[in-house]
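Keep in mind that what you see is a predicted model, and the values were worked out from it rather than measured. Side chains are part of it too, since the values below use all heavy atoms of this structure and drop only hydrogens, waters and symmetry mates.
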Amino acid sequence: MHISGAEAVIRCLLEEGVDLVYGYPGGAIMPIYDELFKFQDQLNHVLTRHEQGATHMAQGYARTSGRVGVAMATSGPGATNLVTGIADAQIDSTPMVCITGQVAAHLLGSDAFQETDIIGISTPVTKWNYQVTHAEEIPEIMAKAFYIARSGRPGPVLIDITKNAQFDFFDFSYETCTGIRSYVPKPTLTKETLIAAAELINAAKKPMIVWGQGVLLGNAEEEFKALVEKTGIPAAWTILGLSGLPTAHPLNVGMVGMHGNYGPNLLTNECDLLLAIGMRFDDRVTGSLDTYAKQAKVIHFEIDPAEVNKNVTADIAVLGDCKESLAQLLPLVIANSHPEWLAVFEGHQKTEYQKVIHQDLNPTKTGLTMGEAVEAINRHTGGDAVIVTDVGQHQMVTCRYAKFVKSKSNVTSGGLGTMGFALPAAIGAKMGAPEREVVAVIGDGGYQMTIQELGTIFQGQIPVKIVVLNNDFLGMVRQWQQLFFDKRYASTEMINPDFVSIAKAYHIDAQSVSKREDLDGAVQAMIASEKPYFLEVCVEKEDNVFPMIPSGASVSDIRLE
């Protein structure tokens, strides 16, 4: 088949099973878009309103579908606008392939119109990147891109294609990539480490599990649940691990980290064995490393050897895919229960409920709380929805109070903490799981960073539900200013527009509530709608999120007020 490089790109996508691409056209990628037009019956393209939106949509799609998300942009500013989403995908291990156009090869390095060194710019935030300057390179490079993005610890790949490589013709053939010399996506699991891990687990009196997104990325939810139930070990989650075990499971003891639950944070420094499964000991989870779990033996289940002993020293590192690791570990551990140890968690949960949770969900104050809004969403979705959050107070409250019965239900920006993530990510999440209800819960600050993607929702009639918790503040920054900067609210109070009118301008059904008696009915109407829907919930301006571990403090220093 003698075809152009541009057509080859489209045919490579189809060979990889891609049926959906997010992007924004421009001069340097126009040949690829011209070919895309010819294949539109096989490959759906979603025109975003900003290139950053394309990457977040690709992330949301990948997180709910388990497939590789694809985003495209032109050279120069189009390519640089992808970088935030690429960096987000890198730190949160999201499989994504980004394709950028580039000026012709003979112009590289000449500061040509809309030329930027996107390879140099993106190198620190991609799993792999490559610049194609000859058309005949395209099939091999595209095959490698998808293999690298999805294999092992997933991540984003960027392929930059010069304009001459898009125009030139060559004899096309495609071979799926199944391996690359010197790239080992999955370490070899050793029986010795499993036996050693099982011995520690069987002997432990106060064991604790902290699991992360590795359980979800490895599709190891059933193996993980079986291990938890056989060993009887209390299990806590990082925010990216949320939904890996149903929220109501009796051994699910809540969230660890800066705004996590009281018990699992405190008891991290009291357990005698800490099993870390598919998590990377992020600083928001550990607090001060000088005091983190020093009394405990640590077993780290991890696919990426670079994460082992990076922050917390492991007594045993079980390297490998956690689906395989947990399945092979299960026969080696004894059936057990830890009722007295679990009762300690339950006691701390009662304390947290009395001092924090009850006030969040059953407030006596006049204004609405963020917790009430999340509870209303729980009631009307039955814990069956995908909930997408942005970054800030609303994110922490939603992760704390959302109820989930299915895996891959929590989509958020974890490691990078990207404001503006939620609205476009919710679009991708809905397209990745069209059979599921998708609700985006967003703060008024982050919402306005990508509010233009309402145009994408309108044009595509994508039935996402958008809830903006509006406190007229950059709430998380304001909370820190209140607690640690003597209430100097420097540049955090916001004068917001009429969000309902903006949504209606995009022909999206919308309403606003500020009274408690109106909240439940408004959420019910939103969930009942089969179309896109916007709901503004006006909440207390100066509510804080507790518990809270001050930055750099020990997890034992967690504050309830």
Side-chain angles (χ1 to χ4, degrees), residues 236-237 239 242-243 246-250 252-266 343 345-385 387 389 392-405 409-410 439 441-444 465 467-473 475-476 478-479 482-483 511-527 535-549 558-561:
W237 38 270
I239 63 168
L242 175 55
S243 83
T247 311
H249 194 285
N252 184 337
V253 293
M255 179 169 74
V256 292
M258 180 170 282
H259 290 287
N261 292 104
Y262 191 53
N265 273 307
L266 276 181
F345 284 89
E346 292 168 351
H348 287 310
Q349 176 66 12
K350 289 178 182 177
T351 300
E352 183 180 342
Y353 182 84
Q354 293 166 357
K355 295 193 174 184
V356 177
I357 299 172
H358 183 74
Q359 285 85 338
D360 282 348
L361 304 184
N362 305 280
T364 55
K365 59 187 71 172
T366 303
L368 288 166
T369 68
M370 291 177 280
E372 287 180 279
V374 176
E375 271 290 272
I377 294 169
N378 288 335
R379 280 196 299 275
H380 292 288
T381 63
D384 197 37
I387 298 183
T389 48
Q393 286 183 316
H394 73 278
Q395 177 191 32
M396 295 295 101
V397 170
T398 304
C399 287
R400 283 175 52 77
Y401 295 130
K403 303 291 191 292
F404 295 115
V405 297
S409 294
N410 174 56
V439 182
V441 181
I442 317 175
D444 48 309
K465 311 300 169 60
V467 179
V468 168
L469 303 182
N470 184 4
N471 58 10
D472 294 311
F473 264 112
M476 185 63 82
R478 184 212 55 76
Q479 176 169 337
Q482 177 185 335
L483 297 176
Q511 66 170 310
S512 177
V513 296
S514 57
K515 295 180 180 178
R516 187 162 288 114
E517 58 267 27
D518 298 330
L519 176 63
D520 195 74
V523 172
Q524 183 178 29
M526 176 186 71
I527 299 300
L535 175 63
E536 176 187 38
V537 181
C538 299
V539 297
E540 285 278 338
K541 286 191 68 170
E542 296 187 53
D543 265 359
N544 290 329
V545 183
F546 287 103
M548 179 181 183
I549 301 168
I558 187 168
R559 297 168 53 169
L560 289 172
E561 55 189 11

Quick one: list whatever passes ring-ring contact (aromatic ring centres under 6.0 Å, His included) with His249, sequence neighbours left out.
none
Correct closest heavy-atom pair for Leu361 and Pro363 would be C-CD, 3.4 Å
So which atom in Gly260 and which in Pro547 form the shortest heavy-atom distance, rounded to 0.1 Å?
O-CG, 3.5 Å
Checking Ala373 now: which residues fulfil side-chain contact (heavy atoms from CB on, under 4.5 Å) with it, not counting sequence neighbours?
Leu469, Val537
Does Met255 reach the side chain of Ile239, with side-chain heavy atoms less than 4.5 Å apart?
yes
Enter the distance from Glu372:CD to Met370:CE here, rounded to the nearest 0.5 Å.
11.0 Å
Grab the two heavy atoms, one from Gly257 and one from Ile549, that are nearest each other, plus how far apart they are.
O-CD1, 3.5 Å
Yes or no on side chain to side chain donor-acceptor pair (under 3.5 Å) for Ser512 and Glu536, after CA distance, side-chain angles and deciding distance?
CA-CA 5 Å; Ser512 177; Glu536 176 187 38; 2.7 Å; yes
Minimum heavy-atom separation for Met396 to Val545, with atom names?
CB-CG1, 4.0 Å
Please identify each residue that fulfils ring-ring contact (aromatic ring centres under 6.0 Å, His included) with His348, with sequence neighbours left out.
Tyr262
Which heavy atom of His394 sits nearest to which heavy atom of Val441, and what is that distance?
CD2-O, 3.1 Å
Tell me which pairs pass salt bridge (Lys or Arg N to Asp or Glu O under 4.0 Å) where either residue lies in residues 518-527, with sequence neighbours left out.
Arg379-Asp520
With salt bridge (Lys or Arg N to Asp or Glu O under 4.0 Å) as the rule and sequence neighbours excluded, what pairs involving residues 349-366 come up?
Glu352-Arg400, Lys365-Asp543
Check against side chain to side chain donor-acceptor pair (under 3.5 Å), Gln479 and Gln393
CA-CA 9 Å; Gln479 176 169 337; Gln393 286 183 316; 2.9 Å; yes
Which atom of Ala376 lies closest to which atom of Val523, heavy atoms considered:
O-CG1, 3.6 Å
Name all residues meeting the ring-ring contact (aromatic ring centres under 6.0 Å, His included) criterion together with Tyr401; count only those two or more places apart in sequence or in a different chain, and write none if there are none.
none
For Phe546, is there any backbone N or O sitting under 3.5 Å from a side-chain donor or acceptor partner on His259?
no
Return yes if some donor-acceptor pair links the side-chain N/O of Asn265 with the main-chain N/O of Asn261 below 3.5 Å, else return no.
yes
